[in-house]
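What follows is a short report on a single structure.
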Number of protein chains: 2
Amino acid sequence: MDTGLGDCRARENLDRIGDKWSLYLIALLAEGTKRFSRLKREAEGISQRMLTVTLRGLERDGIVTRTMYPVMPPRVEYALTDLGRDLLAAVTPFIAWCEAHVPEIEAAREEYDTRTEQEAAAFE
Amino acid sequence: MDTGLGDCRARENLDRIGDKWSLYLIALLAEGTKRFSRLKREAEGISQRMLTVTLRGLERDGIVTRTMYPVMPPRVEYALTDLGRDLLAAVTPFIAWCEAHVPEIEAAREEYDTRTEQEAAAFE
DNA sequence: CTGCATCCTCCATGATACTG
DNA sequence: CAGTATCATGGAGGATGCAG
């Protein structure tokens, strides 16, 4: 089975998704065009700085568009591009997988942790 | 569109994939059971430490199995679990997306960079 | 061969304060 | 409102040496 992951390029793009906020913001923008302040509110826990930085990266990659209205106070709107929507669609199966297997994974972790603890104890 | 990403759990699992080596190793193991030294060879650029650390994490999450043969010299084999194979299948669309859109993304980056450079120059 | 311990570096992220 | 600038920091990851 060749997954194409040996290819450096696929791994580079993982970074676009793998950071802390990108996918989250993409998901929020999938609901429609939103302003900076709204994203700030809805992306729980994000700092202003990381919101700016992450949006810049997404804009640079052609995943979101940034529209600035020269009014006072400023108004800036962000929206997903077609590329961005495609991306989200491609990641959806993974998101579904996560939700489906969360209990399984947590169980595996607990089982692993208790098992290794016992081994550590037996070592005494 | 609800992507389920607001859910903290989905974002936690992104970490399992989003790190530097996990998905790479999963892809390599999709080709079949492999020994530590072989993974070390095939995962180009990985350090011994990160190979160990990453495999431990995957084992803990129930994504790979670790089988140790008590011989001299040691022989340890890693293999994907069913859960791991499921995971890889779920991520495949994303990998395909990456390969399909690499040129598009690189073009967007260049366009963005030259555009912002011009704006910076115009600011002088 | 496989893997742990140690040390070290760098970068992603966060906190805070300031600005058009 | 939507940023930018600055500083601080934790943790990911790499290098190296040792061990069973």
Side-chain angles (χ1 to χ4, degrees), chain A residues 8 11-25 28-29 33-61 64-79 112 115-117 119-120 122-123, chain B residues 8 11-25 28-29 33-61 64-79 112 116 119-120 122-123:
Chain A
C8 294
R11 297 179 65 212
E12 281 168 22
N13 282 286
L14 185 60
D15 297 345
R16 170 78 297 138
I17 296 294
D19 67 11
K20 194 169 176 182
W21 298 107
S22 288
L23 196 51
Y24 196 4
L25 292 179
L28 287 175
L29 287 173
T33 300
K34 291 182 182 179
R35 297 182 56 174
F36 185 90
S37 52
R38 182 159 173 212
L39 287 171
K40 174 91 172 61
R41 244 181 301 121
E42 294 185 356
E44 247 174 289
I46 199 170
S47 65
Q48 203 162 42
R49 175 186 148 75
M50 285 317 296
L51 180 54
T52 301
V53 169
T54 306
L55 285 172
R56 283 286 181 286
L58 292 172
E59 186 198 358
R60 186 168 107 100
D61 285 1
V64 308
T65 58
R66 177 174 181 273
T67 312
M68 210 180 130
Y69 299 91
V71 297
M72 202 45 195
R75 174 188 184 88
V76 181
E77 289 185 347
Y78 292 90
Y112 180 92
R115 177 156 48 90
T116 51
E117 271 170 31
E119 282 165 14
F123 183 70
Chain B
C8 294
R11 296 180 67 212
E12 279 168 24
N13 282 285
L14 185 59
D15 298 345
R16 170 79 293 139
I17 296 293
D19 67 10
K20 196 169 177 182
W21 299 107
S22 287
L23 195 50
Y24 196 3
L25 292 180
L28 287 175
L29 286 174
T33 299
K34 292 182 181 177
R35 297 182 56 175
F36 185 89
S37 51
R38 182 162 173 206
L39 287 171
K40 175 89 174 62
R41 243 182 302 120
E42 295 185 354
E44 249 174 289
I46 200 171
S47 66
Q48 207 162 45
R49 174 187 145 78
M50 285 318 296
L51 181 54
T52 302
V53 169
T54 305
L55 285 171
R56 283 286 179 286
L58 292 172
E59 186 196 0
R60 187 168 104 101
D61 286 0
V64 307
T65 57
R66 177 173 181 274
T67 312
M68 209 181 132
Y69 300 91
V71 296
M72 206 40 200
R75 174 190 185 88
V76 181
E77 289 184 345
Y78 292 90
Y112 179 91
T116 50
E119 281 164 14
F123 183 69

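Worth saying up front: this structure is predicted, and the values here are computed from it rather than measured. In what follows, chains are A, B, ... by sequence order, proteins preceding strands, each numbered from 1.
For B:S37, counting side-chain heavy atoms from C-beta on, the closest listed nucleotide (D:dG3, C:dT2, C:dC4) is C:dT2. The side chain of B:P74 has D:dG20 as its nearest neighbour among D:dA2, C:dC4, D:dG20. Distances from the side chain of A:W21 to the nucleotides D:dA2, C:dT13, C:dG3 place C:dT13 closest. Comparing atom distances between the B:M50 side chain and each of C:dT13, D:dG14, C:dC1 picks out D:dG14 as nearest. Here the nucleotide nearest the side chain of B:R49, chosen from C:dT13, C:dG3, C:dT6, is C:dT6. The side chain of A:S47 has C:dG14 as its nearest neighbour among C:dG3, C:dG14, D:dA15.
Atoms NZ (A:K20) and P (D:dA12) sit 11 Å apart, rounded to a whole Å. Remark: C1' of C:dA12 and CG of A:L14 are 15 Å apart, rounded to the nearest angstrom. In this structure, the CE atom of B:M72 is 11 Å from the P atom of D:dG20, given to the nearest Å. For the pair A:L55 CG and D:dA2 C1', the interatomic distance rounds to 11 Å; values are reported in whole Å. Rounded to whole angstrom, the span from the CZ atom of B:R75 across to the P atom of C:dC1 amounts to 12 Å. Put simply, CG on B:L51 is 16 Å from C1' on D:dA15, counting in whole angstrom units. Put simply, CD on A:E59 is 13 Å from C1' on D:dG3, counting in whole angstrom units. Between A:Q48 atom CD and D:dC7 atom P there is a gap of 19 Å when expressed in whole angstrom units.
Comparing A:I46 and B:E77 by the nucleotide of DNA chain C that holds the closest heavy atom to each, the one mapping nearer the 5' end is B:E77. Remark on DNA chain D: of its neighbouring residues A:P73 and A:R56, the 5'-side contact belongs to A:P73, judged by nearest-heavy-atom nucleotide.
A:Y69 comes within contact range of no nucleotide atom at all, as no heavy-atom separation falls under 4.0 Å. Within the 4.0 angstrom heavy-atom criterion, no nucleotide atom of any strand lies near B:R38. No contact: B:K40 has no heavy atom under 4.0 Å from any strand.
Side-chain atoms of B:T52 come within 3.5 Å of backbone N or O of B:Q48 as a donor-acceptor pair.
Distances shorter than 4.0 Å separate some side-chain N or O of A:R66 from OP1 or OP2 on D:dG3. OP1 or OP2 of D:dC1 has not a single side-chain nitrogen or oxygen of A:R35 nearer than 4.0 Å. Put simply, B:Y78 has no side-chain N or O that comes within less than 4.0 Å of OP1 or OP2 on C:dC1.
Heavy atoms only, all atoms of each residue included: A:L28 and A:K34 are closest at O-NZ, 3.0 Å. Across all their heavy atoms, A:E42 and A:Y24 have their closest contact at O-OH, 3.5 Å. The minimum heavy-atom distance linking B:T54 with B:W21 is given by the pair OG1-CB, 3.9 Å. In terms of heavy atoms, B:K40 sits closest to B:I46 at NZ-O, 3.5 Å.
Interatomic distance, A:L29 CG to A:L55 CG, rounded to the nearest 0.5 Å: 7.0 Å.
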